[in-house]
Amino acid sequence: MLKVRGLAAVLAAVPLVVAVPLAGAVAGPVSAREAPKPPKKEAPKPRKKEKRRVVLRTDAPERDVAPGGTYAWSFAVTPKGGKRAARAVFRATLPASLEFVHGRGCEADGRKVACELGKVKPGEKVRGAFRAKVSARAVPRREIAVRGAVTWGKARDTAAFPVVRVAAASRVEAATL
């Protein structure tokens, strides 16, 4: 029986001999070169600059317009982002049924209207308007659609004015307007 016990003791010791060197290898590298580096502290991310943009809001006469009548189309411009003021310009091309009359800071070249709004700071709201006369030949019940655009530095936005309809007035009523 002693032989069996001795053989069993030798066989039982073999896994321990193999396991001890492996445990040292798993514990970590021995040299300083192979030592793991501590995790780097992440630098705070720089704040992104808010992109410069401009917002255009438009308004038109609330009721039907009469042929031969003069009405106002108003707009508001609000620049956003950035730190510097920039030049703002509003532009619109009028349909054949409208003729430019006047507007503060506005000029017309044919049907093209341009309103100079000056230097505008970010967050500052600038309002403007132009007046236009409805053609005496405007067709009753026809819709009049105007689209405007504003530039503020390199930023640009476009918006349609609310659509208005030409009133269905008799020739006598139109002549008195």
Side-chain angles (χ1 to χ4, degrees), residues 38-177:
K40 290 184 179 181
K41 291 182 181 178
E42 290 187 29
K45 293 181 180 179
R47 294 183 71 187
K48 291 183 180 179
K49 287 183 181 180
E50 186 180 348
K51 187 176 178 182
R52 288 176 64 105
R53 62 188 181 98
V54 65
V55 178
L56 174 63
R57 301 279 185 242
T58 59
D59 197 19
E62 291 182 14
R63 54 186 164 79
D64 290 352
V65 295
T70 301
Y71 300 91
W73 276 260
S74 60
F75 56 89
V77 175
T78 308
K80 298 183 178 188
K83 295 181 180 178
R84 294 187 189 168
R87 179 177 169 243
V89 178
F90 170 82
R91 290 181 175 85
T93 301
L94 303 179
S97 56
L98 293 178
E99 180 184 340
F100 176 78
V101 176
H102 74 279
R104 188 171 151 219
C106 299
E107 293 181 359
D109 182 15
R111 295 183 335 176
K112 294 184 185 272
V113 177
C115 301
E116 187 69 45
L117 304 174
K119 282 203 167 195
V120 183
K121 295 177 185 175
E124 181 182 356
K125 186 180 231 179
V126 178
R127 296 179 189 273
F130 63 88
R131 294 186 63 79
K133 182 178 180 179
V134 179
S135 170
R137 296 180 180 170
V139 178
R141 297 187 186 99
R142 174 95 23 113
E143 291 183 342
I144 298 175
V146 180
R147 186 160 191 83
V150 66
T151 55
W152 178 63
K154 292 181 181 179
R156 184 173 196 273
D157 190 24
T158 61
F161 284 85
V163 176
V164 294
R165 189 177 303 273
V166 177
S170 68
R171 291 182 185 258
V172 175
E173 290 173 330
T176 59
L177 294 176

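Scope of the values below: all heavy atoms of this structure, side chains included, with no hydrogens, waters or symmetry mates.
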- Task: Could you walk me through whether T151 and V54 pass side-chain contact (heavy atoms from CB on, under 4.5 Å), step by step?
- Result: CA-CA 7 Å; T151 55; V54 65; over 6 Å; no

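- Closest non-hydrogen pair, G148 versus A92, comes out as CA-CB, 4.2 Å.
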- Message: Is there a side-chain contact (heavy atoms from CB on, under 4.5 Å) between L117 and W152? Walk through the geometry before answering.
- Response: CA-CA 10 Å; L117 304 174; W152 178 63; over 6 Å; no

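- Counted within 6.0 Å of CD on E107, heavy atoms from surrounding residues, nucleotides or ligands total 12 or fewer; the atom is thus considered open.
- Between the side chain of R53 and the backbone N or O of K80 there is no donor-acceptor pair closer than 3.5 Å.
- The shortest heavy-atom contact between A96 and S135 is O-CB, 4.5 Å.
- Using bins of under 30°, 30° to 60° and over 60° for the plane-to-plane angle, the ring pair F130/F75 lands in the tilted bin.
- Residues passing the salt bridge (Lys or Arg N to Asp or Glu O under 4.0 Å) test with R91, sequence neighbours excluded: none.
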- Query: Taking it one step at a time, do V134 and L98 satisfy side-chain contact (heavy atoms from CB on, under 4.5 Å)?
  - Reply: CA-CA 5 Å; V134 179; L98 293 178; 3.9 Å; yes

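- In this structure, V77 and V55 have side chains that are not in contact, with every pair of non-hydrogen atoms separated by 4.5 Å or more.
- Between P61 and V164 the shortest heavy-atom distance is O-CG1, 3.3 Å.
- Considering all non-hydrogen atoms of both residues, A159 and T58 come closest at CB-CG2, 4.0 Å.
- Y71 approaches R63 most closely through the heavy-atom pair CE2-NH1, 4.2 Å.
- Side-chain contact check for V166 versus I144: some heavy-atom pair is nearer than 4.5 Å.
- The shortest non-hydrogen separation linking V146 to W73 is CG2-NE1, 4.2 Å.
- Here L94 contributes atom CG and K133 contributes atom NZ; the two are 14.0 Å apart, rounded to the nearest 0.5 Å.
- Taking NZ of K119 as the start and CD of E124 as the end, the distance is 12.5 Å to the nearest 0.5 Å.
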